[in-house]
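Everything below concerns the one structure shown next.
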Amino acid sequence: MQHDSEDAIAELHAMLDCASVIVGFTGAGISTESGVPDFRSPGSPWMVNKPIPFDAFVRSRAARIEAWRRKFTMDDHFAGAGPNRGHRALARLIADGRSPGLITQNIDNLHQASGIPDDRIVELHGNGTYATCLTCGWRHELAAIRPAFEASGEPPSCIMCGGVVKSATISFGQAMPQAQMLRAHDLTMRADLFLVAGSSLVVFPAATFPVIAKRNGAKLVIINREPTEQDVIADLVVRAEIGAALAPLA
Ligand SMILES: [Zn+2]
């Protein structure tokens, strides 16, 4: 059910007050207020090039060079981005013990930057602020990779095993991280209020979690600028900026 936004925000806070286990689920929309572009929106720098699929990255040195070149260019677009009111509100829910954790589709690390401990965040699509070896899993820091890449033009390889090093994000065609999927499912099953903030719910399997929560008896709230296909099953749809909608919590 949808009201005008002022009524909807009041309803949202009434529902939050009544809930005992709140689980947030966030997408790109929560970070746009921090200046991180939504990669699917028109004009986004992400839309200029076709994404490099995972198998091409693994197979082709040229694809890896191109991927790393794009990655560092994109990083420069939002180098100064910090958490906003929406991130801080969700951090407050966790700090106050009202939420056991949150699930995010974002790779921007802004939930961690808002003060939420790593072990309370499930990153379904990985994290773009570091890299890992695809063979041995060793973590590689971008601050070390970038200057070496820019000096040599060679894609990074693992100092431990020589394997292919990739940004710690999930690419098109790459398997979803099983441990994160299980943690997300567990959190979803604990929720009595499932709070979607800034996701259009079009990327699967991530977008199944609100449906699972609803089927499990949780209330479903969707705060998003645009309509989503799951609005019809939501108990409340809030068509407002996330920062404004959640600000009273922060
Ligand atoms: Zn390795």
Side-chain angles (χ1 to χ4, degrees), residues 25-28 31 36-37 39 44-46 48-83 101-187 203-206 208-209:
F25 178 97
T26 62
S31 293
V36 179
F39 76 97
S44 147
W46 273 277
V48 176
N49 298 301
K50 245 179 85 177
I52 295 166
F54 181 68
D55 62 340
F57 184 93
V58 172
R59 210 175 46 227
S60 155
R61 174 179 165 274
R64 289 198 288 282
I65 291 171
E66 176 62 11
W68 280 108
R69 193 191 60 75
R70 288 186 197 173
K71 154 80 182 150
F72 292 134
T73 305
M74 291 306 158
D75 283 357
D76 291 341
H77 277 279
F78 54 89
L102 85 90
I103 304 165
T104 187
Q105 298 171 278
N106 297 341
I107 59 167
D108 56 29
N109 206 55
L110 292 182
H111 287 301
Q112 285 92 334
S114 76
I116 302 177
D118 259 324
D119 63 0
R120 297 299 184 98
I121 305 172
V122 178
E123 294 177 309
L124 292 176
H125 298 153
N127 187 308
T129 63
Y130 61 94
T132 49
C133 170
L134 293 176
T135 303
C136 77
W138 189 260
R139 174 172 165 146
H140 295 256
E141 301 305 328
L142 300 182
I145 289 177
R146 184 169 183 166
F149 172 70
E150 287 174 349
S152 70
E154 284 299 316
S157 55
C158 181
I159 49 164
M160 299 301 282
C161 77
V164 168
V165 172
K166 183 180 170 295
S167 160
T169 53
I170 304 300
S171 295
F172 289 85
Q174 187 172 2
M176 292 295 285
Q178 274 318 302
Q180 304 296 319
M181 290 294 284
L182 289 171
R183 286 179 62 210
H185 190 265
D186 176 59
L187 273 177
V203 177
F204 286 87
T208 55
F209 291 109

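First listed ligand is number 1; within each ligand, the first listed atom is number 1. The basis for the numbers below is simple: all heavy atoms, side chains too, and nothing from hydrogens, waters or symmetry mates.
Here the side chains of M160 and C133 are not in contact, with every heavy-atom distance at 4.5 Å or above. By the 4.5 Å heavy-atom criterion applied to side chains, Q112 and T129 are not counted as neighbours.
Considering only residues two or more places apart in sequence or on other chains, L182 meets the side-chain contact (heavy atoms from CB on, under 4.5 Å) condition with none of them. With sequence neighbours excluded, the residues forming a side-chain contact (heavy atoms from CB on, under 4.5 Å) with S167 are W68, K71, T169, listed by chain and number.
Counting only distances under 2.8 Å, and ignoring water, the protein N, O or S atoms around the Zn ion (ligand 1) are C133 SG, C136 SG, C158 SG, C161 SG.
Screening residues 153-182 for salt bridge (charged side-chain N to carboxylate O under 4.0 Å, His left out), with sequence neighbours left out, gives R61-E154.
Under the 3.5 Å distance criterion, the side-chain polar atoms of R139 are left unmatched by any main-chain donor or acceptor of A131.
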